[in-house]
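Within every chain, numbering begins at 1; the chains are lettered A, B, ... in the order of the sequence lines, protein sequences first and strands thereafter.
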2 protein chains.
Amino acid sequence: MTTTPAARVPQEERSRVMRARLMEATVDLLVEKGFAGTTTTLVSERAGVSRGAQLHHFPTKNDLVLAAVEHLTAVRGAELAAAAAALPSGSRRTRAVLQMLGDHFTSPVFTAALELWVGARTDETLLAAVAPLEQRVGRETHRLTVECLGVDEQHPGTRELIQATLDLVRGLGLATTITDDTRRRSRILDEWARVLDRELKEKP
Amino acid sequence: MTTTPAARVPQEERSRVMRARLMEATVDLLVEKGFAGTTTTLVSERAGVSRGAQLHHFPTKNDLVLAAVEHLTAVRGAELAAAAAALPSGSRRTRAVLQMLGDHFTSPVFTAALELWVGARTDETLLAAVAPLEQRVGRETHRLTVECLGVDEQHPGTRELIQATLDLVRGLGLATTITDDTRRRSRILDEWARVLDRELKEKP
DNA sequence: CAACAAACAGTCAAGCCTGTCTTTAAAGAG
DNA sequence: CTCTTTAAAGACAGGCTTGACTGTTTGTTG
């Protein structure tokens with residue numbers, strides 16, 4: 001035989017797969033080794049892609065990380081939307097929404113995003129790419145939360161309480177990266193749900 | 001002249017000064033360049049200390065960073081205590097306490113601490129040093145907040161509300177490192193102060 | 001004042017990361 | 001079937017960081 005006639009994959013598809021493998025390896029490594037520990041060499045090894053191929057698709061490390069940021073953004077959106085769809089209804093809904101947010105902000109995707117935020121803080125180029133994306137995600141998350149809770153954003157104070165809720169879970173997520181205290185988190189969210197229900201129910 | 005008889009400093013003092021210079025330079029660089037960007041070479045340059053002297057006091061980078069963590073912890077405590085002492089009394093006290101916390105969690109010391117947290121997440125050794133210190137600081141901050149607000153921690157729910165408040169400002173601090181939106185932060189704290197006063201006043 | 005120890009200074013080699021370069025294989029077009 | 005273009009592979013050099021090493025100055029102690 002001269003060449004294997006079986007494997008006949010169009011180059012567009014090949015590229016897509018390669019890029020996906022590289023981006024996913026990047027996100028994995030962000031979680032595992034942190035931003036600084038995510039070297040291009042490790043990424044290509046982890047992805048099972050040769051260094052040449054990697055540099056063909058992503059000429060510089062920034063190109064790779066930027067692509068990974070976009071990829072991550074998409075994953076984050078999908079994950080959250082899925083969780084929102086599976087939300088129960090009834091009296092415990094507020095608590096369930098908080099649980100969903102809490103889970104999301106302690107998941108690996110959050111960890112990877114955290115590494116990017118902190119990395120972007122001292123990297124001009126990365127910041128330019130991360131900031132707008134993050135703003136979009138933030139707005140989308142806000143919208144989703146409002147929708148899940150079924151509250152009226154026009155009512156004064158409501159918008160701020162939702163924002164506070166999101167900042168709270170962000171803070172909880174950050175704390176979790178160092179010491180994972182699930183019970184503590186749970187109690188806080190219990191109480192927060194109570195406050196939220198009370199404050200928001202008066203403004204239907 | 002043979003030697004300048006004027007400068008006669010005991011070695012203990014010299015060491016102390018040198019170490020302090022190095023630790024402060026380290027903290028500065030953490031803010032400016034991030035954890036990964038804080039190289040030992042940069043630190044010695046910034047501190048105006050020779051490389052030899054640096055390695056004499058801190059044989060490895062970890063030794064240096066660990067010392068910086070402790071130093072930072074002390075600074076954080078002092079800063080917060082000072083802010084607490086200057087707190088006004090009266091009806092707007094709750095808001096003032098939140099402002100104090102908000103300011104603290106957006107200050108350079110917080111930024112440096114953030115870099116250490118994130119760095120420690122993927123560095124076994126660093127984590128072992130940061131985690132216990134952070135727990136101490138956390139408890140101390142909690143205690144201080146309770147004291148400033150003058151609330152009764154025994155009352156069910158109060159403890160969780162205080163914890164939530166601290167996690168909220170932590171989240172706000174994290175968000176600020178990417179996009180500094182002072183007005184947004186201010187409105188959120190306004191609203192939270194209102195809620196807090198209402199929730200806590202019922203439990204004197 | 002003399003000997004010792006600590007503090008300080010600066011150089012050096014090893015290892016790692018990034019990105020360039022050359023070469024080979026595969027796909028698409030004529 | 002051949003030619004061109006794109007994808008993939010792997011070696012290579014330049015730059016940077018870390019920590020070890022040698023030598024010098026300064027303080028302390030007998």
Side-chain angles (χ1 to χ4, degrees), chain A residues 1-23 25-26 29-30 32-68 115 119 122-126, chain B residues 1-23 25-26 29-30 32-68 119 122-123 125-126:
Chain A
M1 65 168 69
T2 47
T3 48
T4 330
R8 246 192 108 79
V9 185
Q11 57 183 199
E12 193 181 319
E13 174 71 9
R14 286 200 306 168
S15 278
R16 220 183 47 73
V17 171
M18 274 285 184
R19 292 175 63 95
R21 284 232 303 266
L22 284 166
M23 290 186 294
T26 303
L29 281 171
L30 279 175
E32 200 172 311
K33 308 266 187 184
F35 183 71
T38 302
T39 67
T40 56
T41 340
L42 271 181
V43 170
S44 56
E45 278 174 20
R46 176 69 60 101
V49 168
S50 78
R51 195 148 173 66
Q54 177 187 41
L55 266 65
H56 173 71
H57 291 289
F58 304 103
T60 76
K61 181 180 179 178
N62 252 330
D63 289 324
L64 175 62
V65 178
L66 257 53
E115 290 286 340
T122 50
D123 184 324
E124 200 71 34
T125 318
L126 193 56
Chain B
M1 63 167 75
T2 47
T3 46
T4 331
R8 245 192 111 81
V9 185
Q11 57 183 203
E12 194 180 318
E13 174 71 7
R14 287 199 306 168
S15 278
R16 220 183 46 72
V17 171
M18 274 284 185
R19 292 176 65 94
R21 284 232 304 265
L22 284 166
M23 291 186 294
T26 304
L29 281 171
L30 279 174
E32 199 172 312
K33 309 266 187 185
F35 184 72
T38 303
T39 66
T40 56
T41 346
L42 271 181
V43 170
S44 56
E45 277 173 21
R46 175 69 61 102
V49 167
S50 78
R51 196 145 176 66
Q54 179 186 41
L55 265 63
H56 172 72
H57 291 289
F58 304 104
T60 76
K61 182 180 178 178
N62 250 331
D63 290 324
L64 176 61
V65 177
L66 256 53
T122 51
D123 184 324
T125 318
L126 193 56

Could you measure the distance from the [atom1] atom of [X] to the [atom2] atom of [Y]? Nearest 0.5 Å is fine.
| X | Y | atom1 | atom2 | answer |
| --- | --- | --- | --- | --- |
| A/Thr40 | A/Leu55 | OG1 | CG | 7.0 Å |
| A/Asn62 | A/Glu124 | CG | CD | 11.5 Å |
| B/His57 | B/Leu64 | NE2 | CG | 11.5 Å |

**Request:** Report yes if at least one side-chain N or O of A/Thr40 is closer than 4.0 Å to OP1 or OP2 of C/dT18; otherwise report no.
**Result:** yes
**Request:** Would you please confirm or rule out a distance under 4.0 Å between OP1 or OP2 of D/dA8 and any side-chain N or O of A/His56?
**Result:** no
Round to a whole Å and report the spacing from [atom1] of [X] to [atom2] of [N].
| X | N | atom1 | atom2 | value |
| --- | --- | --- | --- | --- |
| B/Arg19 | C/dC8 | CZ | C1' | 15 Å |
| A/Arg21 | D/dA9 | CZ | P | 9 Å |
| B/Lys33 | D/dT17 | NZ | C1' | 15 Å |
| B/Arg16 | D/dG27 | CZ | P | 16 Å |
| B/Leu42 | D/dC16 | CG | P | 11 Å |
| B/Leu55 | D/dT22 | CG | C1' | 14 Å |
| A/Phe58 | C/dT18 | CZ | P | 15 Å |
| A/Phe35 | C/dC17 | CZ | P | 14 Å |

Among the nucleotides [options], which one has an atom lying closest to any side-chain atom of [X]?
| X | options | answer |
| --- | --- | --- |
| A/Thr41 | D/dA8, C/dC17, D/dT18 | C/dC17 |
| B/His57 | D/dT18, D/dA20, C/dC8 | C/dC8 |
| A/Met18 | D/dG19, C/dT18, D/dA8 | D/dA8 |
| A/Ser15 | D/dA7, C/dC8, D/dG19 | D/dA7 |
| B/Ser50 | D/dA8, C/dC8, C/dG19 | C/dC8 |

**Asked** Just wondering, do B/Val65 and B/Phe35 contact through their side chains at under 4.5 Å, heavy atoms?
**Response** yes
**Request:** Apply salt bridge (charged side-chain N to carboxylate O under 4.0 Å, His left out) to the pair B/Glu32 and B/Arg46, showing each step before the final yes or no.
**Result:** CA-CA 12 Å; B/Glu32 199 172 312; B/Arg46 175 69 61 102; 3.0 Å; yes
**Message:** Base of D/dG19, side chain of B/Arg51 - is there a donor-acceptor contact under 3.5 Å?
**Reply:** yes
